[in-house]
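All remarks here apply to the structure that follows.
Whatever order the structure lists them in is the order used to number ligands and atoms, beginning at 1.
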Amino acid sequence: MSIRIQNIVPILKARAFGNTAEAVIDTVSIDSRSLQNSAHTLFFALVGPNNDAHAYIEDLIATGVQNFVVLHIPEGCANKANFLIVENTLDALQQFAAYYRCLFHFLVIGLTGSNGKTIVKEWLNFLLSPDFNVIRSPKSYNSQVGVPLSIFAINEKHNLGIFEAGISTVNEMEKLEKIIQPTIGILTSIGSSHDEGFLDLEEKINEKLVLFKEAEIVIYQKRDLVDKLILPRTKAFTWSFKNAEADVFVYKKETENLNTTVYYKYKGNSHELIIPFQDKASIENAISCLMALLYFNYDSTTIQSRMLLLFPVEMRLKVKNGINNCSLIDDSYSSDFQSLKIALDFLESQKQFPKKTVILSDIFQSGLSNEELYSKVSQLIISNNISRVIGIGETISAFKDTFVNCITFNNTAEFISNFENLDFANETILIKGARSFQFEEIVYLLEEKTHETVLEINLNAISYNLNFFKSKLKPNVKIMVMVKAFGYGNGGLEIAKLLEHHKVDYLGVAFADEGISLKNGGIHLPIMVLNPENTSFSAIIQYQLEPEIYCLKGLYAFLKIAKEKNLYHFPIHIKLDTGMHRLGFEEDTIEELIATLKGNDTVQIRSILSHLATSDDLKHRDFTLSQINLFDTMSSRIVRELGIDPIRHILNTSGISNYPDSQFNMVRLGIGLYGVSNDPAEQKYLENVGTLKSVISQIRTITAGESVGYGRKFMAEKPTKVATIPIGYADGISRGWGNGVGFVSIKDKKAKILGSICMDMLMVDVTEIDCTEGDSVIIFGESPTVSYIAKKLNTIPYEVLTSISQRVKRVFYR
Ligand SMILES: *Cc1c(COP(=O)(O)O)cnc(C)c1O
């Protein structure tokens with residue numbers, strides 16, 4: 001893309017400020033973290049319910065970004081860059097995308113439906129790419145923001161577009177239609193997901209069909225409601241399992257081995273097609289692809305040979321622990337330019353190690369010549385500060401000189417035989433390759449070998465929950481997030497990095513060493529240490545952590561060290577005991593506290609805090625209000641007599657919800673960030689963050705009278721199918737959860753725990769579940785929830801979460 005800013009102004013109906021006459025842009029961005037932002041990026045400052053990208057503009061200008069679409073010019077930024085002021089930055093992004101789309105005239109397939117959009121898109125891309133230069137939405141970019149961003153990747157060489165559109169309520173599709181402008185429509189499976197946004201099925205289908213307003217043809221599984229709602233001028237191209245009237249009538253299905261053979265009639269002739277899947281959803285998605293291929297007039301031999309190679313689609317980027325303390329980003333199934341950009345942004349957002357390696361295969365179907373392509377890839381890699389590139393494939397090897405610090409191999413086998421010499425250690429490695437290169441073998445070599453139990457952490461859910469609580473804060477109230485105990489068991493550093501991006505004001509940890517590892521990991525946010533031992537004061541000072549001081553003895557000890565080191569205004573936090581009776585200055589010590597700190601400039605009281613004992617239980621409302629009152633009185637006295645203006649804070653998660661009038665200047669968010677609320681009504685608004693997963697190691701069927709496990713605690717009364725799962729009390733699963741109390745989820749069904757939980761294993765009843773060895777098992781997550789387990793075990797979610805042992809690997813994803 002190369003567009004003059006001047007030409008954009010009328011399209012966005014913007015008011016332009018700055019030197020826009022000369023400015024030219026070549027990319028569009030909404031992500032302030034992307035290292036790909038440059039002087040020729042047009043940055044759209046989107047505003048979410050709680051996240052306002054205008055806050056990042058000053059930083060972006062400092063890194064060289066020059067062109068912004070904004071609601072207003074942020075303070076101090078005027079004259080430093082070009083600004084296009086609009087009424088709504090999201091609308092502007094969409095208008096610009098619609099304009100950009102109109103610059104191209106080519107075939108575009110538009111996909112929508114409740115399920116299968118991304119899979120059908122990826123499969124069609126695979127099936128059609130031998131004959132077309134395809135541009136497609138990367139990953140599942142199908143939202144009001146994702147669709148515009150997908151469109152900006154089109155260039156002159158593309159001759160087929162495949163874009164997906166996802167909507168959650170009415171009036172959304174109209175905007176996406178203007179951007180995608182599909183010529184061919186495919187309606188994938190219409191399930192019940194996202195139904196909340198629609199009155200009924202009819203409204204939902206009607207809204208989805210808006211995407212096909214101008215399409216020449218629409219492919220769908222025949223059903224009366226769609227037949228009725230589809231515009232009369234649109235040509236329908238339908239398929240069905242039941243209705244022989246459909247254009248393609250699938251009259252028989254047979255499954256064998258891992259395949260399904262479908263027999264279908266088309267234009268009076270019968271054909272058969274082998275699909276390398278057995279499940280219903282994959283069969284339906286494959287038939288959607290078959291329809292597109294028939295529409296493109298492919299013969300049945302070509303269709304069959306290509307369809308046999310269909311593959312499962314991995315939609316998310318996964319972060320895994322690697323050997324030698326490496327961190328892996330596994331994107332081993334795609335290699336197009338667009339998804340490389342996304343993966344590099346993701347790599348940057350991880351900020352794990354300064355050293356970064358990219359393992360990259362040949363890139364296919366960019367629409368560009370190889371010279372152009374690899375020079376663009378090289379620029380991208382340079383702008384992302386990648387330390388080394390390992391290219392695999394004959395084409396990328398031929399362009400080795402385009403890259404800096406690049407090693408190449410002709411194929412994956414050659415890489416593998418040189419593996420030992422490549423010295424992977426202490427670095428983040430992005431593994432990105434086209435399917436044919438089988439990079440999963442590389443991932444396997446690089447992956448730290450552990451047993452199959454992992455705690456998956458959804459970073460997006462953390463952002464979501466943070467924003468939910470932020471929305472409850474009054475203007476100017478700051479937020480401290482508690483990441484003590486390894487982020488409540490969820491992983492400290494990764495979460496802290498995300499919080500730093502979201503510009504929270506403070507982090508809180510329990511002990512100095514937790515704070516030190518965050519600082520060593522590159523966290524710059526101020527960090528309060530709740531429980532500083534006197535022996536850690538030197539380290540606290542060295543690492544610029546901020547101690548909570550909760551008694552006179554601690555105050556004197558800290559002052560002594562601080563004086564020796566000639567500190568000036570070193571930040572400290574004063575904890576008051578208002579009724580919790582754990583840590584804190586009591587009322588009768590306040591006078592001495594004040595006297596000691598009067599005129600002292602070695603330290604500075606950055607904040608005054610107290611902690612509520614029972615903010616979650618409204619039965620004790622009067623007690624809590626008395627704590628809040630006492631806090632107000634005691635802290636006001638310190639403020640007045642010392643003539644200072646510190647941050648005051650008392651609310652934890654439940655406090656934020658139940659005592660909104662007592663936010664003072666800051667709140668301390670803990671458990672809520674991790675998706676757990678003490679209030680069932682509030683729980684509905686939070687997203688689940690952690691999913692503890694394992695797999696089935698072995699399945700056997702026992703007869704009536706046989707027993708399971710230590711102590712023969714479970715006796716079968718009838719034939720029982722038993723699955724063994726490699727997770728036990730040493731991983732943090734309480735023994736109290738065994739013996740029929742608890743369950744795990746397998747294939748969305750409950751499997752009761754049989755007998756006693758062992759140290760490293762437990763057994764469950766899968767008599768009623770159609771499952772096999774190797775199937776995935778959910779220990780907690782959406783079901784059962786951590787709160788449910790806690791209730792049954794007579795404890796609190798905090799304990800369940802923080803009990804998960806460190807030997808369980810944490811895997812983070814977005
Ligand atoms: C842990 C902690 C919090 C956070 O509590 P949640 O109930 O998890 O929100 C707040 N303040 C202090 C002092 C804490 O120790």
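When non-hydrogen atoms are compared, ligand 1 lies under 4.0 Å from neither the backbone nor the side chain of D616. Only side-chain heavy atoms of R582 come within less than 4.0 Å of ligand 1; its backbone N, CA, C and O stay farther off.
Ligand 1 places these atoms under 4.0 Å from at least one heavy atom of I671: 6 (P), 8 (O), 9 (O). Remark: ligand 1 atoms within the under-4.0 Å shell around heavy atoms of Y488 are 1 (C), 4 (C), 5 (O), 6 (P), 8 (O). Ligand-side atoms of ligand 1 in range of L530: 13 (C), 15 (O), range being under 4.0 angstrom from any heavy atom.
Side-chain contact check for L673 versus L499: some heavy-atom pair is nearer than 4.5 Å. Between F743 and V764, the closest side-chain pair of non-hydrogen atoms is not below 4.5 Å.
Each of S654, S787, S615, S657 was checked for a side chain to side chain donor-acceptor pair (under 3.5 Å) with N678, and the lone residue meeting it is S654. Each of E587, H611, Q627 was compared with T578 under the side chain to side chain donor-acceptor pair (under 3.5 Å) criterion, and only Q627 meets it.
The N/O atoms of N652, backbone and side chain alike, include one that comes under 3.5 Å of an N/O atom in ligand 1. Checked by distance only, ligand 1 and L669 stay at 3.5 Å or farther apart across all their nitrogen or oxygen atoms. The shortest N/O to N/O separation between L609 and ligand 1 does not fall below 3.5 Å.
Shortest contact from atom 12 (C) of ligand 1 to any protein heavy atom: H611 CE1, 3.4 Å. Looking from atom 7 (O) of ligand 1 to the surrounding protein, the closest heavy atom is Y798 OH, 2.6 Å. Atom 11 (N) of ligand 1 has R668 NE, 2.8 Å as its closest protein atom, hydrogens excluded (heavy atom only). The protein non-hydrogen atom at the shortest distance from atom 2 (C) of ligand 1 is K484 NZ, 2.4 Å. For atom 9 (O) of ligand 1, the closest non-hydrogen atom of the protein is T653 OG1, 2.4 Å.
The aromatic ring centroids of Y506 and H649 lie 6.0 Å or more from each other.
Heavy-atom contacts from other residues, nucleotides or ligands closer than 6.0 Å to CD of Q806 number more than 12. Residue E591 places its CD atom among 12 or fewer non-hydrogen atoms of other residues, nucleotides or ligands, all under 6.0 Å distant.
Between the side chains of Q683 and S677, no donor-acceptor pair is found at a separation under 3.5 Å. Looking only at atom types and distance, the side chain of E546 has a donor-acceptor partner in the side chain of H573 under 3.5 Å away.
Assignment of M528 to the shell around ligand 1 is not supported, since no heavy atom sits closer than 4.0 Å.
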